[in-house]
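Note: hydrogens, waters and symmetry copies are ignored here, and every other heavy atom, side chains too, is used.
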Amino acid sequence: KQEVTQIPAALSVPEGENLVLNCSFTDSAIYNLQWFRQDPGKGLTSLLLIQSSQREQTSGRLNASLDKSSGRSTLYIAASQPGDSATYLCAVGPGNTGKLIFGQGTTLQVKP
Amino acid sequence: EPEVTQTPSHQVTQMGQEVILRCVPISNHLYFYWYRQILGQKVEFLVSFYNNEISEKSEIFDDQFSVERPDGSNFTLKIRSTKLEDSAMYFCASSVGQGGDEQYFGPGTRLTVT
């Protein structure tokens, strides 16, 4: 059974710092991995999607990497800003039905 | 920019009552999903739906749950007889294709069962 874990559960950094959020999964047979952002009481905003054949994806200050063999993905945020404060969720797609299995998230606080 | 919408934003119901949560997926998307998030817990997959059929459902999605695409735009989740433990945020999502395609989520409906 696929399990997704995110470490750390919470992170507080000063503005401008580069940071890395970690996601690990137990079964390397995945279709894709998607990173989301969730603001308090709100829905999920898709940040990046990495297909199983890809190693990384970039969007602006965000870069996500995928290492299927080790069951890991990282989300790198460059030059963090207070507006980046949110919970970041990692989700793994194990098959072709679109089902996503989520981690518990990392809550990020960027202090001005 | 196209987005997934959900109504209502908050639904309060009494235990044992039926509720219908509504979603309007992005117009050119063909695959639809429901997830839920109990307060403080992980987002959990409920069901995926394509071509008027369920593609996959989780253990949570028992006989009390059903989904329907009643017309060309709406996608609904029905809970026949709500229980206290059904209280959660329910998210609808859609994607162009399945498997490897990006999913777009709606803002959620907060269901409170009293």
Checking heavy atoms, do the side chain of [X], its backbone, both or neither come under 4.5 Å from chain B?
{"X": "A:K99", "answer": "both"}
{"X": "A:I30", "answer": "neither"}
{"X": "A:Q34", "answer": "side chain"}

[Y] and [X], any side-chain heavy atoms less than 4.5 Å apart:
{"X": "A:E3", "Y": "A:F25", "value": "no"}
{"X": "A:L19", "Y": "A:L108", "value": "yes"}
{"X": "A:T58", "Y": "A:L48", "value": "no"}

Heavy-atom pairs under 4.5 Å with chain B, option from A:G103, A:A91, A:G105 with the top count: A:G103

Should we count CZ of B:R80 as having more than 12 external heavy atoms under 6.0 Å? yes

Count the heavy atoms of every other residue, nucleotide or ligand shown that sit under 6.0 Å from CZ of A:R72, and state whether that count exceeds 12.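 Incorrect, the count does not exceed 12.
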
With a 4.5 angstrom heavy-atom cut-off, is it the side chain or the backbone of [X] that approaches chain A, or both, or neither?
{"X": "B:Y35", "result": "side chain"}
{"X": "B:Q37", "result": "side chain"}
{"X": "B:F91", "result": "side chain"}

Salt-bridged, A:R37 to A:D39, with N to O below 4.0 Å? yes

